[in-house]
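Throughout, protein chains are lettered first and strands after them, A, B, ... in sequence-line order, and every chain is numbered starting at 1. Hydrogens, waters and symmetry mates are skipped; everything else that's a heavy atom, side chains included, is used.
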2 protein chains.
Amino acid sequence: MNETAKLELTQPPKTRIQRKNHALILEAALEVFSTHGFRGATVDQIAAQAGLSKPNLLYYFATKETIHVALLSRLMENWLAPLEALNADGAPIEELLGYMHRKLEMSRDYPRESRLFANEILQGAPRILPSLETDLRNLVDAKCLLIQRWMDAGQLAPSDPYHLIFSIWSLTQHYADFGVQVGAVLGTGAVDFEQAHQHLTLHFTRMLTP
Amino acid sequence: MNETAKLELTQPPKTRIQRKNHALILEAALEVFSTHGFRGATVDQIAAQAGLSKPNLLYYFATKETIHVALLSRLMENWLAPLEALNADGAPIEELLGYMHRKLEMSRDYPRESRLFANEILQGAPRILPSLETDLRNLVDAKCLLIQRWMDAGQLAPSDPYHLIFSIWSLTQHYADFGVQVGAVLGTGAVDFEQAHQHLTLHFTRMLTP
DNA sequence: CGTAGGTTTGACCGTTTGGTCAAATTGTCA
DNA sequence: TGACAATTTGACCAAACGGTCAAACCTACG
């Protein structure tokens, strides 16, 4: 019966058609949620974007919120990955510049994911606050310890590691979340990520070099 | 008749009651729009927050969009002011640190305005893109010329003035727009703006000192 | 006072919204 | 092929939505 739909939420889809439509729906939902926010998006919109009828879409995801949660939880993994890759055995400045670079690449290649995340945080993170307070916090704590060691060893100019990470987040995500504004001010209509990368490299090199 | 309501949109309200309810509605709308976005906010919500009945609210603002536009246009003025205050006769580094400081104060004192703006940009700036392409762009152009002169004169370390301004925007607004995330990671639940100010001062001092 | 204009409200309307359901269609596999 | 499960759909529903309107209510001011 409709237990099928519920099973898919906890377990990966099984049939060929399920896999296809599952992906189709998440792709469409990402497009709609990222530009209109949760409450601003409609199920009809998502269904139309996915090329499915509304009842058909609701056959795969029982509610609008289910889709949103699925998107967010999938996002959190990809979101933490670049920071996890910060390597204790690497050269400190290069490691942090690399992290900045990976985050900027994500802004360039996955701006919708960035805006989806921004929307969620702007609204007070009603659905992912617990994950921020545990998963994200633990990861940041660990990496800040590492950064602090680098600073203590004189390999990085001293500063608050937490705020240093915040600055990497904000500077890189700005080019995705506020891309429209950047484009409007530069008169180009879109972000030049090569330019942004050069500036951020200069920026953090000055900031981090002891 | 209801020409009154239309007049109020172009001219400031006249009677005592009009002034009071006008302010009441904008305050309530700021609260609701800034957390739910335009489409996510409902007129009933705004009316309830303002302590007015829905028809009464619509007596002062003909449509939901009218309220939103009123909020945004009022915001744009306050938004440009700190950058306008950048003084060509001041000491370059102190001037830019001062601008950063004013922007950070706005994040601390007017986080809802910051989130309202962020929501609008995230959704592609459908209502204020023209203003960004003219007012904001002209202002930024002018100030970037000034900054470039400072750099050419060796009073500031050279970098791209436009991206330098973007970095001030993103680093300061981050503490308002992503305040929930910052609080969750630090475990404090809220942003310590004194800490943030110290870090950003250090950050930009290193970035700007020739 | 009184009355004219400003203000407030309950009842209402058409549309959109998230979601349901039985029936029809399609896919799978023995 | 047949038969059972998986998929798709049109019709539908209750609630929420933005907005309207006439009538009732205030309030300033001569």
Side-chain angles (χ1 to χ4, degrees), chain A residues 1-26 28-29 31-33 35-71 123 126-127, chain B residues 1-26 28-29 32-33 35-71 126-127:
Chain A
M1 290 305 201
N2 63 357
E3 280 190 22
T4 308
K6 291 181 184 173
L7 280 176
E8 287 164 29
L9 304 179
T10 50
Q11 304 211 342
K14 302 180 173 177
T15 77
R16 165 179 58 90
I17 298 178
Q18 272 176 25
R19 255 188 300 273
K20 189 193 73 176
N21 285 342
H22 214 88
L24 221 57
I25 291 168
L26 288 180
E31 186 72 27
V32 177
F33 279 134
T35 58
H36 295 298
F38 178 72
R39 289 185 56 179
T42 73
V43 176
D44 294 85
Q45 250 180 311
I46 300 171
Q49 182 83 27
L52 299 176
S53 68
K54 182 168 64 168
N56 196 13
L57 181 145
L58 290 168
Y59 169 71
Y60 291 100
F61 291 89
T63 69
K64 177 183 167 183
E65 181 151 10
T66 307
I67 311 176
H68 197 237
V69 168
L71 268 182
Q123 293 171 14
R127 288 162 236 275
Chain B
M1 288 308 203
N2 63 356
E3 281 190 18
T4 308
K6 292 181 183 174
L7 279 176
E8 287 164 29
L9 305 179
T10 51
Q11 304 210 343
K14 300 179 174 180
T15 78
R16 166 179 58 92
I17 298 178
Q18 271 175 27
R19 257 188 299 274
K20 189 192 73 175
N21 285 342
H22 214 89
L24 220 58
I25 291 168
L26 288 181
V32 178
F33 279 135
T35 56
H36 295 299
F38 178 73
R39 289 184 57 179
T42 74
V43 176
D44 293 84
Q45 249 181 311
I46 300 172
Q49 181 84 26
L52 299 175
S53 68
K54 182 168 64 170
N56 196 12
L57 181 145
L58 291 169
Y59 170 72
Y60 292 99
F61 291 89
T63 68
K64 176 182 167 183
E65 181 151 12
T66 307
I67 311 175
H68 196 238
V69 168
L71 269 182
R127 286 162 237 274

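The NZ-C1' distance, from A:Lys20 to D:dT7, rounds to 11 Å in whole Å. Atoms CD1 (B:Ile46) and P (D:dG19) sit 10 Å apart, rounded to a whole Å. Straight-line distance from the CD atom of B:Gln18 to the P atom of D:dA28: 13 Å, rounded to whole Å. Atom-to-atom, CZ of A:Arg19 to C1' of C:dG27 comes out at 15 Å; the value is rounded to the nearest Å. Distance, A:Leu57 CG to C:dT17 P: 14 Å, rounded to whole Å. Atom CG of B:Leu58 is separated from atom C1' of D:dT20 by 9 Å (rounded to the nearest Å). Rounded to a whole Å, the CZ atom of B:Phe61 is 13 Å from the P atom of C:dT8. The distance from atom CG of A:Asp44 to atom P of C:dT15 is 16 Å, rounded to the nearest whole Å.
Residues B:Ile17 and B:Thr63 both approach DNA chain D. Their nearest nucleotides, taken by heavy-atom distance, put B:Thr63 toward the 5′ side. Taking the nucleotide of DNA chain D with the nearest heavy atom to each of A:Arg39 and A:Asn56, the more 5' of the two is matched to A:Asn56.
B:Ala47 comes within 4.0 angstrom of nothing in the nucleic acid, heavy atoms only.
Distance check, rounded to the nearest 0.5 Å: CG of A:Asn56 to CD1 of A:Ile25 gives 7.0 Å. To the nearest 0.5 angstrom, B:Ile46 atom CD1 is 4.5 Å from B:Ile67 atom CD1. Within the model, atoms CD of A:Glu31 and CD of A:Gln49 stand 5.0 Å from one another, a figure rounded to the nearest 0.5 Å.
Comparing C:dG18, C:dT8, D:dC17 against the side chain of A:Lys64 picks out C:dG18 as the nearest. Looking at the side chain of A:Lys54, the nearest of the listed nucleotides C:dG18, D:dA6, C:dT8 is C:dG18. Across D:dC21, D:dG18, C:dG6, the shortest atom-to-atom separation from the side chain of B:Pro55 is found for D:dC21.
For B:Asn21, no side-chain nitrogen or oxygen approaches OP1 or OP2 of C:dG6 to under 4.0 Å. Phosphate proximity of C:dT8 to B:Tyr59: absent, as no side-chain N or O sits under 4.0 Å from OP1 or OP2. At least one side-chain nitrogen or oxygen of B:Ser53 sits closer than 4.0 Å to the OP1 or OP2 atom of C:dT9. Distances shorter than 4.0 Å separate some side-chain N or O of A:Tyr60 from OP1 or OP2 on D:dT8.
Side-chain contact between B:Lys64 and B:Phe33 is present, with heavy atoms from C-beta onward closer than 4.5 Å.
Aromatic ring centres of B:Phe61 and B:His22 lie closer together than 6.0 Å.
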